[in-house]
Each structure stands twice: as C-alpha cells, then as structure tokens.
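As the structure is a prediction and not an experimental result, all values here were calculated from the model. Letters A, B, ... are given to chains in the order of the sequence lines, protein chains preceding strands, and every chain is numbered from 1.
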2 protein chains.
Amino acid sequence: MMHTTTIEEQLAKAGIQPTAQRIAICRFLFEGANHPTAEDVKQWMDRNFPKVSLATVYNTLNLLVSHGLLKELRFQHDDRVVFDVNTVPHHHFLDEDTGELIDLDEALVTVDARLAPEYEIHQVHTVLIGRRRG
Amino acid sequence: MMHTTTIEEQLAKAGIQPTAQRIAICRFLFEGANHPTAEDVKQWMDRNFPKVSLATVYNTLNLLVSHGLLKELRFQHDDRVVFDVNTVPHHHFLDEDTGELIDLDEALVTVDARLAPEYEIHQVHTVLIGRRRG
DNA sequence: ATTAGTGCAAAGGATTTGCATAAAG
DNA sequence: CTTTATGCAAATCCTTTGCACTAAT
C-alpha cells in the first residue's frame, strides 16, 4: 500500500520549514493551480488564508524555487513571472486567445537542432503558440 | 546594380516618420546590435546621439515593434525585454555562461509536436540553453 | 534564549504616461 | 497654423528589502 506524501513531508524533505503560511501556499500550488503568478497566489491566499503579506508570498515562492520545488517562467505575452509546479523539463502551449498555458510533456515534442559542434545543449524549451479549437 | 534601402526608406515604408532620433536608434539596431535592452539602446544613444530621453527610446522601440520592424522578447534569465531586429520566425540559443543570445535560423531547428488535433499551432519558438565551447 | 519567519511599509528597477515645449508638415 | 514628436518628471507595476515583531526550536 502506497503512502501519499504530505506537503509537510515534501517541504521537510527539501529542507524547508513547513510553516502554516508555506503549507497553505503549497496547497494551492500543488493542488491544481495552473501557472499562477504571485498575484494569483496572493488572491487565493486572501480568500483561503487571510492576513498573509505579499512579501511572504514572494518569499515563499522564491524559497520554493531555490529549493527546486517550483520553477519560474517568463513568457512573451506577460511581463510577470509565472510559477510552474512541474519541475521536470517540459514544453508549453500558449493559447493566444485565452492566455492559458498548458504543459506539454517532453515526450510530446521532439526538437532536433542542427548546430555546430561547439554548441553544447543543456536544456531545450519550446513554446507552441496557437489556439485550441473546440 | 542593387540599391541598399536606407533607414529613412525603411521607416517611411513602415509608416513611421523618420525623425533624427528614430533614425539614430535604428542605426544602432539595424547595424549589428545584438538583442539589446532599452537600457542598451539608451547607453548607445548617450554616447552617439546625446540628449535623447529614455521616454523617446521606449516610445521609438514600441513604435518599431507595433509597426513590425522589431520584435520584443523575454527570456527566463532576465526580466527585461530584449529587442530583436530579426522579425522572421526563428529560434534562440542562450549561452548560460555569458548570457549571450544567438539567433538560430528556423531551418536549423526542427520541432515536431504530437498534439491532439484541437491544438492549432501558429508559432513555434524554441530556446536552446547551453554553452558554446571554444 | 536564540534562530527563523512574518508583516508592513518603503525602496527598487523597468516601463509607461501626462503634460508642456519644440519641431515638422 | 496644426499636428506630431520630444523631454522631463511623475506615476505605475512587479518585485525585493529593511526592520520591528512574532513564533518557532
């Protein structure tokens, strides 16, 4: 029988003290938030865990990033940072109508770059921009 | 014999009045500036065409973008906008040591995305992150 | 007790805006 | 003359920081 890791455990394992504020933020992040901005996190917190300051939101997000639990991303269409719980390398689809960002598993996108041999490639990130019909 | 298009002509053709400030900025941009930020443009102007305000630099850059002579790009490693004279679709290599950005012709990078048919793809942009040896 | 986390308000950097002046058509 | 561009300073947006306060170990 398999044991689901709690947020406290995930934080502890990453070396982050699991305070109430941090757990609340992680609850939002790890339970389905889709590429939220700091402001999105703040707004969710205001509704679900009031009295947390914006500074704590930023501190916590940066802490999670620096401990590898979160990635920060920037896209062309928005000058704000968005956070991605998906820390595994992957790509993104950006719906140009709605602004919605969708993670694309690395296996779904094949990138073949024919560069001169002095270019060592360490990471590849593709953004597909378009529209989802339907 | 082929006639090289002047900056004035390029601006006029795009419907932009070719003022002295705009021409100077375009001279910097179109003659080899590599993915400059607004601040880079301002600094070049301070040296080569003093007394131009930062507001005019931003106004001009935005004007060029809105008329299709320039693209604005944002990358993960820098929260500032960088401008790209290359308005044809292409990809980028980011040297993670130096921060240098290198344009990659679209033909050099093949992207194959296996998405569900409701995803209409209009643009593809790949960033390759790594290091250039040598 | 000592260290670490939080909240608030202020500061910071990048970019935009309002408005008066200057230049262009 | 009338419109458009410029310069300056102030304003705005996002994010970070300093510092006093609180809560953990």
Side-chain angles (χ1 to χ4, degrees), chain A residues 7-8 11-12 14-29 35-67 69-84 99, chain B residues 7-9 11-12 14-29 35-46 48-67 69-84 99:
Chain A
I7 288 172
E8 283 93 327
L11 290 176
I16 297 175
Q17 298 215 24
T19 67
Q21 291 88 330
R22 290 171 181 173
I23 292 168
I25 289 172
C26 288
R27 190 160 292 143
F28 174 56
L29 292 173
H35 300 92
T37 63
E39 191 54 32
D40 293 333
V41 175
K42 179 63 164 70
Q43 283 174 17
W44 185 89
M45 289 294 280
D46 287 346
R47 280 183 264 102
N48 297 279
F49 198 109
K51 301 283 164 222
V52 172
S53 71
L54 186 56
T56 294
V57 169
Y58 274 105
N59 286 340
T60 299
L61 291 169
N62 290 337
L63 190 69
L64 294 170
V65 168
S66 67
H67 286 73
L69 296 179
L70 206 54
K71 270 208 285 199
E72 54 178 330
L73 303 172
R74 288 169 228 267
F75 291 90
Q76 305 299 151
H77 65 294
D78 193 339
D79 53 350
R80 292 172 304 176
V81 169
V82 303
F83 294 92
D84 197 336
Chain B
I7 288 173
E8 282 95 327
E9 287 167 340
L11 290 176
I16 297 174
Q17 300 213 22
T19 67
Q21 291 88 332
R22 289 171 182 172
I23 292 167
I25 289 171
C26 288
R27 190 160 291 142
F28 174 56
L29 293 173
H35 300 95
T37 63
E39 192 53 32
D40 293 333
V41 175
K42 180 63 163 70
Q43 283 175 16
W44 186 88
M45 288 295 280
D46 287 346
N48 296 279
F49 198 109
K51 301 284 166 218
V52 171
S53 71
L54 186 55
T56 295
V57 169
Y58 274 105
N59 286 342
T60 300
L61 291 169
N62 290 336
L63 191 68
L64 294 171
V65 168
S66 68
H67 286 72
L69 296 180
L70 207 53
K71 270 208 286 200
E72 54 178 329
L73 303 171
R74 288 169 228 268
F75 292 90
Q76 305 298 151
H77 64 296
D78 193 339
D79 52 350
R80 293 173 304 176
V81 170
V82 304
F83 294 92
D84 198 335

Could you state the [atom1]-[atom2] distance from [X] to [N], rounded to the nearest angstrom?
| X | N | atom1 | atom2 | result |
| --- | --- | --- | --- | --- |
| A/L63 | C/dA4 | CG | C1' | 11 Å |
| B/D40 | C/dG13 | CG | C1' | 15 Å |
| B/K42 | C/dG13 | NZ | C1' | 15 Å |
| B/R74 | C/dT15 | CZ | C1' | 10 Å |
| B/D46 | D/dC8 | CG | P | 11 Å |
| A/K51 | D/dA23 | NZ | C1' | 18 Å |
| B/E72 | C/dA14 | CD | P | 16 Å |
| B/L73 | C/dA14 | CG | C1' | 17 Å |

Are any of [X]'s side-chain N or O atoms less than 4.0 Å away from OP1 or OP2 of [N]?
| X | N | answer |
| --- | --- | --- |
| B/N62 | C/dT16 | yes |
| B/T19 | D/dA5 | no |
| B/T37 | C/dA14 | no |
| B/Y58 | C/dT16 | no |
| B/R22 | D/dA5 | yes |
| B/Q17 | D/dT4 | no |

* Asked: Which nucleotide in the set C/dC8, D/dG7, C/dT17 lies at the smallest distance from any side-chain heavy atom of B/N59?
  -> C/dT17

* To do: For the side chain of A/L54, starting at C-beta, report the closest nucleotide among C/dG7, D/dT15, C/dT15.
  => D/dT15

* Looking for any heavy atom pair under 4.0 Å, which part of the strands does B/E39 touch: base, sugar-phosphate only, or nothing? -> nothing

* Asked: Of A/I16 and B/A38, whose closest DNA chain C nucleotide lies nearer the 5' terminus?
  -> A/I16

* So which one's nearest nucleotide on DNA chain C is more toward 5', A/A55 or B/V81? -> A/A55

Minimum heavy-atom distance between [X] and [Y], given as atom pair plus value:
| X | Y | answer |
| --- | --- | --- |
| B/F83 | B/L61 | CE1-CD1, 3.6 Å |
| B/R22 | B/Q17 | NH1-O, 3.0 Å |
| A/L11 | A/C26 | CD2-SG, 3.8 Å |
| B/D78 | A/R74 | O-CD, 3.7 Å |

* Asked: Are side-chain N/O atoms of A/N59 and A/T56 paired as donor and acceptor at under 3.5 Å?
  -> no

